[in-house]
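Data block below; observations after.
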Amino acid sequence: MGPAELVQAAAMARRFYLEGKSKIQIAEEFGVSRFKVARVLETALERDLVRIEIRVPAELDAERSDALRARYGLRHAVVVESPADGADESPDPENLGEVAADLLGELVTEGDVLGLAWGRSTIHMAAALDRLPPCTVVQLTGVYDAGTAERGSVEAVRRAAQVSGGEAHPIYAPMLLPDTATAAALRGQPGIARAFEYFDKVTVAAVSIGSWEPGISTVYDMLSEKERSHYSSLGAAAEMSAHLFDSEGRRVGRDLGERCITVETDRLRRIPEVVAIAGGRRKSGAIGAVLRSGLVTSLVTDTVAADFLLKDFAPAPKPALERADPDGS
């Protein structure tokens, strides 16, 4: 390109990339056809006159995020860099909660009903919230231990409601009860019943995922050894909101859910946006199982889990956007 062509190409590129003008507007200004403008812009790229650079924050992996979204039919997938040394064995890196908090700030709109399920990652997320439009916040599960409610899911609901300026509907009850009769009686108590009435109104939910092993699933830790063995024999591989799934995403051990204070799977499936927050090597298989259930529409995870999920050669998972029924009905 000669000097005149270079100057013209630079001017056209400036109009197009920096000033946001259309090719037709540029063509009119320079007295050429829009096809000429297109050729000049293409040449400017080829000759390195224009460089296009896509930047995202260093902690986000845009390539893995997009690949994960496409593979599992997710609405949103956000992959966060795992610790550099790869030695972090924690159930959920705390930075997942920070990124999830930012994602909720994008997804929640004024007037929405936000549902929060028990989980370490959702508690980290609530603590990191610094912006939310005015919305109602409802607790979707009981707590791991009613004695620790002030620093658990009840506090997460209060925190989210405080940030948004909306109403809070916490559940002051344990997640797991000794039998179905006790669970049914608790569900009928006025405060808990009021929270349950909001379940069908939830528009955005945040949930955690647990792998079926000690220290990685709250429900696993609450059960007796005999009960753990029973559900393991049914193929339990993952847990989400006290619902168990096998490696193919099918729900197993439905009787356990009847003993729990939690949102039902059919209600979860009707929530327009269900964001799962989970990462780490030990949860990778469980995340894949829950994604196959079709209950989750979006995921915040880390690069370690993402690599496992992208290399998983199991049968193609059910697209989350189809909201499959894990009970097969």
Side-chain angles (χ1 to χ4, degrees), residues 74-78 80 92 94-144 149-173 175 187 191-210 218 240-243 260-278 290 295-301 320-321 323:
L74 296 167
R75 187 172 288 121
H76 304 283
V78 182
V80 181
D92 285 304
E94 289 193 22
N95 60 340
L96 293 186
E98 297 170 3
V99 173
D102 288 340
L103 179 60
L104 277 195
E106 290 183 51
L107 299 180
V108 176
T109 59
E110 184 172 351
D112 274 345
V113 176
L114 171 63
L116 299 181
W118 163 269
R120 299 178 185 90
S121 55
T122 51
I123 292 170
H124 289 322
M125 179 205 68
L129 283 171
D130 59 11
R131 62 184 176 95
L132 271 182
C135 65
T136 299
V137 187
V138 61
Q139 192 170 324
L140 296 179
T141 63
V143 298
Y144 175 41
E150 72 280 358
R151 59 181 182 274
S153 47
V154 170
E155 179 56 32
V157 169
R158 288 174 174 164
R159 167 65 182 167
Q162 180 184 35
V163 172
S164 74
E167 295 181 2
H169 294 274
I171 294 177
Y172 296 98
M175 181 189 295
R187 292 188 200 105
I192 298 174
R194 277 196 298 273
F196 268 64
E197 288 173 1
Y198 274 91
F199 286 1
D200 287 328
K201 303 174 185 177
V202 173
T203 50
V204 180
V207 301
S208 296
I209 295 173
T218 300
M240 180 180 71
S241 302
H243 300 294
C260 293
I261 302 298
T262 185
V263 61
E264 302 93 330
T265 54
D266 61 333
R267 280 173 154 169
L268 266 177
R269 194 171 60 252
R270 292 197 295 269
I271 297 174
E273 185 74 79
V274 178
V275 181
I277 312 159
V290 171
L295 293 175
V296 169
T297 61
S298 298
L299 175 68
V300 178
T301 190
L321 296 183
R323 311 313 297 277

So which atom in [X] and which in [Y] form the shortest heavy-atom distance, rounded to 0.1 Å?
X      : Y      : result
Pro133 : Val108 : CG-O, 3.1 Å
Ala173 : Ile192 : CB-CD1, 3.6 Å
Asp112 : Thr109 : OD2-N, 2.8 Å
Trp118 : Val143 : CE3-CA, 4.4 Å
Ile271 : Val204 : CG2-N, 4.1 Å
Gln139 : Phe199 : O-CE1, 3.3 Å

Does [X] use its side chain to pair, donor to acceptor, with the backbone of [Y] at less than 3.5 Å?
X      : Y      : answer
Ser121 : Gly97  : no
His76  : Val300 : no
Arg131 : Leu104 : no

Close side-chain approach of Ile277 and Thr122, heavy atoms under 4.5 Å:
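Result yes, sub-4.5 Å side-chain heavy-atom pair found.
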
Given side chains that start at C-beta, do those of Lys201 and Thr136 come closer than 4.5 Å, heavy atoms only?
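They are not in contact (no side-chain heavy atoms under 4.5 Å apart), so the answer is no.
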
Name the residue from Thr262, Val202, Leu116 that meets the side-chain contact (heavy atoms from CB on, under 4.5 Å) definition with Leu140.
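Considering Thr262, Val202, Leu116, a side-chain contact (heavy atoms from CB on, under 4.5 Å) with Leu140 is found only for Val202.
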
Residue among Leu299, Val296, Leu295 satisfying side-chain contact (heavy atoms from CB on, under 4.5 Å) with Val290
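Checked Leu299, Val296, Leu295 against Val290; only one passes side-chain contact (heavy atoms from CB on, under 4.5 Å): Val296.
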
Could you go through the side-chain hydrogen bond (donor to acceptor under 3.5 Å, both in side chains) check for Glu273 and Thr297 one step at a time?
CA-CA 6 Å; Glu273 185 74 79; Thr297 61; 2.4 Å; yes

Side chain to side chain contact (heavy atoms under 4.5 Å, CB included) assessment of Met240 paired with Leu268:
CA-CA 11 Å; Met240 180 180 71; Leu268 266 177; 4.0 Å; yes

Which value, rounded to the nearest 0.5 Å, describes the distance between [X] atom [atom1] and [Y] atom [atom2]?
X      : Y      : atom1 : atom2 : answer
Asn95  : His124 : CG    : NE2   : 10.0 Å
Arg159 : Ile123 : CZ    : CD1   : 14.0 Å
Asp266 : Arg270 : CG    : CZ    : 5.0 Å

Would Thr141 and Ser241 count as a side-chain hydrogen bond (donor to acceptor under 3.5 Å, both in side chains) here? Give the steps.
CA-CA 7 Å; Thr141 63; Ser241 302; 5.9 Å; no

